[in-house]
Amino acid sequence: MLNNLGKTQVGRAALRPRLVSAGWDYLVIVVWLALLAAVFVPLYLAGVRVFDGLGMVSSDLLITVLTVLPTGAYLTIGEAGRRQATWGKRRAGLAVVTASGKRPGALPRCLGWQAATK
């Protein structure tokens, strides 16, 4: 969060801005999934079976690469980047900072709660 001087204010954001930012971020993710559907559904309807011939593990890996990795990259790059916030957090006026008010690194954000310390 930013104070009236534009400086980072360390503290926990209220619930409403956090829910608003989550909504905007989910919208970004849904748009990505809709783009994937816009590509793969017409292919499927045209008789092109992209996942046929792939084993179960290969299909799962392909789906993970197309869905989970871009989502994780969006969140990690957004929050560990120069602006310290994803698009949704910026719209809600939030920023991700460490306890000392500095920009977080990509590795702790990528690991999520596993890297959190008290």
Side-chain angles (χ1 to χ4, degrees):
M1 292 191 325
L2 298 177
N3 62 17
N4 58 356
L5 299 175
K7 299 288 183 179
T8 302
Q9 177 181 338
V10 178
R12 219 177 212 10
L15 182 60
R16 181 166 166 50
R18 295 176 88 183
L19 290 175
V20 168
S21 73
W24 286 115
D25 286 335
Y26 276 118
L27 179 65
V28 170
I29 294 166
V30 166
V31 167
W32 172 250
L33 295 175
L35 287 172
L36 289 175
V39 170
F40 286 103
V41 169
L43 287 174
Y44 180 82
L45 294 175
V48 177
R49 303 295 188 252
V50 176
F51 297 103
D52 283 358
L54 296 176
M56 184 187 295
V57 173
S58 298
S59 294
D60 287 346
L61 285 173
L62 180 60
I63 291 168
T64 299
V65 166
L66 292 174
T67 58
V68 176
L69 292 182
T71 300
Y74 163 70
L75 295 172
T76 301
I77 292 168
E79 293 180 359
R82 181 177 51 86
R83 294 182 175 173
Q84 297 174 249
T86 60
W87 184 71
K89 284 184 179 64
R90 286 193 309 269
R91 289 190 58 91
L94 302 175
V96 178
V97 296
T98 63
S100 61
K102 296 181 180 173
R103 183 169 58 103
L107 185 59
R109 174 61 192 113
C110 185
L111 294 176
W113 63 269
Q114 293 90 343
T117 58
K118 291 188 178 193

Donor-acceptor contacts, no H, no angles, side chain residues 63-73, under 3.5 Å, sequence neighbours left out:
residue	atom	partner	partner atom	Å
T64	OG1	D60	O	2.8
T67	OG1	I63	O	2.6
T71	OG1	T67	O	2.9

Residue pairs meeting ring pair (Phe, Tyr, Trp, His ring centres under 6.0 Å), one or both in residues 52-90, sequence neighbours left out, come to W24-W87
To the nearest 0.5 Å, atom CZ of R91 lies from atom CG of D25 at 11.0 Å
Distance-only donor-acceptor pairs under 3.5 Å for side chains of residues 35-59, two or more places apart:
residue	atom	partner	partner atom	Å
R49	NH1	Y44	O	2.5
S59	OG	G55	O	3.1

So CZ of R83 and CD1 of I77: to nearest 0.5 Å the spacing works out to 13.5 Å
Closest non-hydrogen contact found for S21 with A92 is CB-CB, 3.8 Å
